[in-house]
Amino acid sequence: AGAPDMLRVALHADIASVNPGVNRDANSDMVMAHVVEGLVAYGEDLTIKPMLASSWKANDDSTSYDFKLRPNVRFHNGKTLSAADVVWNFKRYLDPKTNFQCINRYNGKIGPALQEVKAVDAQTVRFSFSAPAPNFLMTLATIQCTPWIIHPDSVAANGSVSQVIGTGPYSFAEKQTGRYTELKRFADYSALPGTRDGYAGNKQASIATLRFVTVPDASTRSNGVLSRDLDVIDDVDPDTIKVLKDKGVQVEVQPTPSWVVLQVQTEAPALKDVRMRQAIAKALSLPDVAEAAGKGLFTANPSVISPLSPYYDQRSKAWPGYDPVGASALAKQAGYKGQPISLLVANRQERVQLATILQALLGSAGINIDIKVRDWASQLDLYGKGQYELAIFAYSARLDPLLMYESLIGDKKAEPTRQWDDAQASALLKQVAMERDPARRKDLFNQLHALMAKEVPIIGLYNLPVVTAMAPSIKGYKGWPAGTHRFWGVTRAAP
Amino acid sequence: MNRRSLSFWLGAGLVSVVVAVALLATFWTPYDPLKLDFKTRLAAPGWQHWMGTDELGRDVLSRLMRGTATSIRISLSTVFLATFFGVLIGALSGYLRGWPDRILMAINDALLAFPGLLMALGLLAVFGASASGIIIALALAYASSVVRVVRGTVLGLRERDFVRASRVMGNSETYTLLRHVLPNCIAPVIVMATSMCGWIILAESSLSFLGLGVAPPAPTWGNMLAGSRSYVSQAAWLAIFPGLAISLALLGINLLGDALRDRLDPRMRRRV
Amino acid sequence: MTTSPALLQIQNLSLSAGPDKLVVRDASLQLAAGEIVGIVGESGSGKTMLSRAVMRLTPHAISRSGGDILLDGQSLYAMNERQLRAVRGPRVAMVFQEPMTSLTPTLSIGEQLLEGLRMHLPQARDEHMPRIHAMLERVGLRETQRILSAFPHEFSGGMRQRIMIASAMLLRPALLIADEPTTALDAVVQREVMEMMLELTRENGTAVLLISHDLPMVARYADRMVVMKQGDIVETGPTAQVLAAPAHDYTRQLLRTLPQRRAPRQIDRTAPLMSARDLVLEFGGRQRWFRKGAPARVLKGISLDIFPGEVVAVVGESGSGKTTLGMILSGLLQPTSGSLRYKGQPLRPGSPGFKDYRYNCQMVFQDPYSSLDPRMTVQALVAEALRMADGLSASDKRERVQQALADVGLGGDFATRYPHELSGGQRQRVAIARVLVRRPALMIADEAVSALDVTVRAQVLDLLAELQQRYGFSCLFISHDLGVVEQIADRVIVVQGGVIAEQGTRDAVFDQPQNPYTRQLLDAIPMLQATPDGGVHLRWRHAEDKASASANGAACPA
Amino acid sequence: MWKFAATRIGMAIPTLVIVALAVFILVRLIPGDPAALMLGDSADAASLAALREQLGLNASLPTQFLVWSGHVLQGDLGQSISNRQPVAALIWQRFAVSAQIVLPAVLLATLVAVPLGMLAAWRQGRLTDLALVATATLLLSLPAFWMGLLLLMFFALKLGWFPVVGFVAFGENPQQALLYLVLPITTLLLHEIGVILRMTRASTLEVLHLDYITHARAKGLSEMTVMLRHAFKSSFGPTWTLLGLILGNLLAGVAVIETVFTIPGLGRLLVDAIFARDYPLIQGCLLFIASIYVLVNLFVDLLYPIFDPRVAAS
Ligand SMILES: Nc1ncnc2c1ncn2[C@@H]1O[C@H](COP(=O)(O)OP(=O)(O)OP(=O)(O)O)[C@@H](O)[C@H]1O
Ligand SMILES: Nc1ncnc2c1ncn2[C@@H]1O[C@H](COP(=O)(O)OP(=O)(O)OP(=O)(O)O)[C@@H](O)[C@H]1O
Ligand SMILES: [Mg+2]
Ligand SMILES: [Mg+2]
């Protein structure tokens, strides 16, 4: 069933809003990426590519960037993109009243402050910083922090955004809370030449209508794609893949840098001793954990650096080897006497399953685990306060290891969410933050990893793939390492 | 055998089987219900595992047996708490009347109008997804209906001559309440309590479905059933057995409750 | 005796409630058209079941184990449901004891009256409404149009019973079964309803099967009477004959138990034990959120004295405030105004005399079912009354309880029984024992014997008299049974509408009533008086009524 | 009648105040922070503080409560934190959806279960009775999420009669809407049939041994007439009250069914709001739910005299 020119995609929850970058979540980022675009974007190889800007140039100390805009880019309302529009957007994002979620990455609270944005000419915008900003491009391309370029008419007098006007291949049509969000193909879209490439490249759309349907229940999602009431579903449980494939449904597994970890509270009395943490690491056979939880789909990875990243190499695999006997010996040395250690986990079926698996494995090394299930909001609250011993946590895909390290390393007193409070690591982090050369960065990232394997401030388990299932008639869908869906370039075969 | 005794014996039989299994499971199950075995994941029922294994290779029969114990424990503790406090508050409210009654009833109505779900979530957040959290949440939710029933009964009993007689004799109000009023609320309370047992097993199951049930790895009928949803087309046994257990237990409890109501109905006993 | 062929023939009918539990044994009875037959007998003797069998409406648990019932020569047990339905209503109709529960509460009176006519006389549609109006007027109801659209709860018991009779008589049945049709009504209303019912049946030539435990009533109205005991018909014959010369022991026993006036006693009336002055009681109406409902004034200034050792009876119409008065005297209700004195001292909770009053002034409630806690044994129930007794050792208390139980004739294994294992009379005795165990100074008895059958009632009354003799307590005796009052009261108070209409010694009130209402009350029902040869005869309390009684054609062998 | 209604509503005010206060305190006792949830794992302390300030979460609790109740008294339930829409509009929209499922389901369940319950009572102790009671119990013992899944697998997946996912409002396209509503309504219906059947059976049994039933039979009326005219109304009274309680609870409490069938109803709105710690939305929902509960039961009580004229008198 379903109109041939409509694609129905299941989302597990409503998108947060259509105000990109301001009131956002992962779902709204994905949906809005079809509607709005940034100056630059990540390509499939996780390098940064042109999008609305056709080229850019930085000065030597990375304090000033000039972006040349692509000519003849049309907004959904027919207006043409100009440098003045870009300046208006950055002014809006830098205004605290807008509540741009990543404002701190631009106003100097994290990294150097963006001092001035000005139109050099109709097609050129200049960004000036107070201090060297070698990672500015990366910040611009980071999906959660992109200052998306929207047309000033999108914003009502009171600052609210209800009808977002962007430059993307689809325009926003309607949002029915609890039901769906619908996008319509933008006829005047000025696509880049070439092929599809991450969030960059050729984004010419072919399907006329995209409907993102809210389907909270996983069983209903898979039944929906089986009954052809849905065209695309994600978050597919590894166990159901076989059933879906048997019924002719296409299943795509796309590895991503999204990282599932066992957080270890190094301040907790039971886990303060590094030997105890090492014991826990030794008691877990990562390949077995990945296999048991992912049924062959997950890749074990103890490191911040994802195998998809250009910075990944042999050194990123360093980790205390699996050795349950050694683990109990180490634990004993650390003074562990079998007292239960709590494991915090959110009340989602697959997370709880993982907790059960970890409990079993640690149990066979004599480490006694007490599973504490909370809803996600409570876990996030405890995470925010650092109040846990062990916790199962998933970091959403950060396409550059620097961003990941930045959210791990720091002063626990100031930011309890930090996992790794260590002077040496902080020094290394500072160093890599100021570095632009890829080879040097790779070296520094792996030095950080080697240190992490020794200190065990956190135990990486595996990278989570995005498993997408699609009706047989859908052609041309492809995942990419960022793990988000892209429905430009997707077509539907005539039934 | 007439229907009344037929349903009584059928009900009593089913309930005793459930209780027996629960008792047995506290010290013996065929396998360790918590032991994972990745080599026999989702094995169909057979000689090795009579009811098959689940997605982590645990023996379903053993889990079902252990789950019986947990489910029964939750059900009974909830019923006990709800009944205890329900009777206490209902009796006080009905017996004292006036302002205390109005205040208690306003609170009780608020509880009745309050979705149990929010309560469950609040307690889950505070106590964790544990049996005790669920017991407290459900007990709060159900106590309010016990309060209503008991209060109604007590209001009726207050006007009965034997309660008046106790007052004429010069007995204190407390004595009258404890000695004459409360014991005579037992019949409706027992009937309510038996139906509650069933509702609670179901409620725990629905809470598990919303992710608010008893924390794993401890099995309950409810979380086994809720967890089986993802495997319904590949491993139907994961659903069938806990489903069957719930249905039979509920049938037993309801039949027994009906039979008890008939037996405790004063009109049935009044005829000499 | 009538010579017309039998309308109803019950031939050797046996009904059983289970394999070997016979409820009615081998009963035979004939009824001719237009005849009135009364059935009397002890409680549980099968009167109701026998009459229900005539309609084939016995409960599921009761089945026929032998015999047959013929109506117009046709066996009822040979009929199918359709044929039975044609009999129920047009041929045989029924009036039940309890008017409260015999009319469907959810249907208007009009609907309930109309449905029988619609069912059985569908062809004469136009006649239905006129016939209903005529019938309602015939049973003495005014404003018939309004009555038709009203619901049963809007009527008093007497009115409801009239409606029931109207409903039964609408189809002019050949036989009317009236199962204790007036038990729930007070004497004046009782008489009105009975007279009206019998007049109506006489007009239509309807035969009546009248079931009652009220012997004077049966004696007054029935042509023939049937006496039942434990499922057997022990005696049957013309009423006058059965009353004058009872043949069976049980019948004799029944007649012996009739209440009789005893010789007046000497009472010392110097210092009242308890006295009430100007008692007024208002029920505040339902308290509403914003304002109070209009108060209902139930007692409008009642003053009375009770002297030591005296039995004071309170009689009066239903709803006149008798129970309310009893509750005030026993301290269960606070009067709106007025004062109570006990042994000359004003009563206030906490005052020095209050403890004495609380201990020594006790009440026996009207309903023996409801006044005993069903979860306590007889022993415990009686012992509870001594909980407050100071200065008695545990063994003294035990002894007192034993003594009290023995006094009321409940010795032996009765002590360990529960109320539901006792008969109504035994329960009432427990209630009395519970009061007597305290050796109280005043006992307030609210309709203490009206729920009991004749024989049991007599036992309880004798017991009371004997115990009063022995312990010498005073008694406020509330009752609507004038026969009983006449037997035991020293003084009588007649209340009407919350005020005292008349009061005086028993003989004064019964023999020279001054108040018109008292006369009406006394004249409503005749009494039965024993004859020296073991029988009884019907006697009106006031001679001038004899004329009207015979004019009504009642059997009056005096 | 109006006076009675006004009195009842007056008595409900303290209840609603308690609900409001309890909810307000409870949701804030539950750990979790809407701001942290909105920012997710990439939150940093500075943006968190800014967002909290913007959402008004930094004010003291009594201040927050006073501000909120002030707005409520003016009829303003505020704005949802998570999706910035007016709470009142959201609730109303979702309530309309829930009502489309709950009302037909309860209505149909009543139509089916009341006659069956009376039949069971009429045949008390016979096979029909036992069969009906056992069926009702089985229906009661299947959790809604399972019943829903089974119906979906069979009627939607296997037979393809109904769609699996989605919802069309009745106003948009009645025919389509019906297709989407059949299965959720059936799920709820089956469960409620069990509840109502048992209740009706019990209350009919109470009535059947009363004198007036025998009296009706003694008039020569057929069994059908006796049951429908004389037994039905009085035995329906308690069921009617139960219906009020069921409706009051269900209008807010069908979250499970709404989740299984992807229906944007009030239950799911509340669950989502709770998981998102969307305080204004939770508070608004619960106040609304409590009011609905009060109103439905008031309505039930007002209509009760239709079934039992005695009640109107007292
Ligand atoms: N449904 C029933 N099942 C079994 N036994 C019954 C049933 N109804 C009545 N009985 C028994 O049948 C016997 C006769 O009852 P019935 O009602 O005819 O007595 P009665 O003479 O009318 O007494 P009363 O004067 O108290 O009305 C009693 O022993 C009673 O216990
Ligand atoms: N709690 C109450 N609230 C309001 N009115 C009441 C209450 N109790 C009794 N009444 C009314 O008070 C009046 C007297 O009642 P009471 O019970 O004293 O009458 P009674 O003389 O004992 O009647 P009966 O002979 O029928 O027992 C009646 O009209 C009754 O309706
Ligand atoms: Mg009888
Ligand atoms: Mg009275």
Side-chain angles (χ1 to χ4, degrees), chain C residues 48 51-52 54-61 81-108 111-120 149-154 164 167-168 170-171 173 176-177 179 286-291, chain D residues 2-15 121-126 129 203-240 304-314:
Chain C
T48 298
S51 67
R52 296 263 166 116
V54 174
M55 297 213 97
R56 292 276 315 273
L57 280 176
T58 45
H60 284 303
E81 272 295 315
R82 268 181 75 94
Q83 291 167 315
L84 274 175
R85 286 209 293 273
V87 167
R88 293 176 191 153
R91 302 292 300 149
V92 187
M94 209 159 184
V95 176
F96 294 154
Q97 162 177 6
E98 187 41 82
M100 202 70 200
T101 56
S102 302
L103 287 168
T104 305
T106 53
L107 291 178
S108 70
E111 285 176 278
Q112 298 195 49
L113 291 177
L114 200 56
E115 63 184 357
L117 287 174
R118 282 224 188 98
M119 177 84 199
H120 298 290
S149 57
F151 288 90
H153 69 266
E154 297 171 42
M164 283 284 294
S167 160
L170 263 179
L171 286 160
L176 179 71
I177 297 172
D179 188 355
R286 265 276 191 82
Q287 173 116 36
R288 289 286 151 90
W289 196 259
F290 300 111
R291 73 185 89 106
Chain D
W2 294 117
K3 216 174 83 190
F4 171 71
T7 315
R8 278 282 304 268
I9 291 177
M11 295 207 303
I13 289 173
T15 301
W122 187 57
R123 307 289 296 169
Q124 189 197 8
R126 318 280 174 86
D129 180 28
S203 52
T204 307
L205 281 180
E206 297 273 295
V207 167
L208 279 188
H209 67 244
L210 294 181
D211 276 352
Y212 64 81
I213 297 296
T214 317
H215 183 227
R217 290 196 174 120
K219 283 189 202 168
L221 303 178
S222 66
E223 282 300 299
M224 197 69 165
T225 318
V226 171
M227 293 302 290
L228 292 186
R229 273 175 69 85
H230 293 264
F232 168 68
K233 275 191 178 175
S234 345
S235 64
F236 190 64
T239 312
W240 176 244
Y304 199 100
I306 293 184
F307 303 107
D308 194 339
R310 281 171 298 183
V311 172
S314 54

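Reminder, nothing fancy here: chain letters follow the sequence lines and each chain counts from 1. Computed from a prediction, not measured in an experiment: that's the story for all the values here.
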S.K.: If we ignore angles and hydrogens, is there a donor and acceptor under 3.5 Å between the side chains of C:S102 and D:H215?
M.R.: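 Result is no, nothing qualifies.
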S.K.: Quick one: salt bridge (charged side-chain N to carboxylate O under 4.0 Å, His left out) partners of D:E223, sequence neighbours excluded?
M.R.: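 Listed in chain order: D:R217.
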S.K.: Among residues at least two apart in sequence or on other chains, which ones pass side chain to side chain contact (heavy atoms under 4.5 Å, CB included) with D:S222?
M.R.: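 Side chain to side chain contact (heavy atoms under 4.5 Å, CB included) list for D:S222, sorted by chain: C:R85, D:M224, D:T225.
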S.K.: Hey, is the main chain of C:Q112 close enough, under 3.5 Å, to the side chain of D:H230 for a donor-acceptor pair?
M.R.: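 No, the answer is negative, given that no donor and acceptor are paired below the 3.5 Å cut-off.
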S.K.: Indicate the atoms forming the closest heavy-atom contact of D:K219 with C:S167, along with that distance.
M.R.: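 What the structure gives for the nearest pair is CE-OG, 3.7 Å.
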S.K.: Atom OG1 in C:T106, atom CZ in D:F232: separation rounded to 0.5 Å?
M.R.: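 Reported to 0.5 Å precision, the distance equals 9.5 Å.
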S.K.: At a heavy-atom separation under 4.5 Å, does C:S108 approach chain D through its side chain, its backbone, both, or neither?
M.R.: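 When you check distances to chain D, no heavy atom of C:S108 falls under 4.5 Å.
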S.K.: For the residue pair D:T214 and C:L57, what are the closest heavy atoms and their distance?
M.R.: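 That would be O-CD1, 3.8 Å.
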S.K.: Work out which heavy atom in D:D211 is nearest to a heavy atom in C:F96; give both atom names and the distance.
M.R.: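 Minimum heavy-atom separation between D:D211 and C:F96: O-CE1, 3.5 Å.
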S.K.: Which answer fits C:E81, side chain, backbone, both or neither, if we ask what part of it has an atom under 4.5 Å from a heavy atom of chain D?
M.R.: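 Neither part.
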S.K.: Mind checking the OG1-OH spacing from C:T104 to D:Y212? Nearest 0.5 Å is all I need.
M.R.: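 Here the rounded value is 6.0 Å.
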S.K.: Name the member of C:A168, C:P173, C:P105 that forms the most heavy-atom pairs with chain D at distances under 4.5 Å.
M.R.: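 The candidate making the most pairs under 4.5 Å is C:P105.
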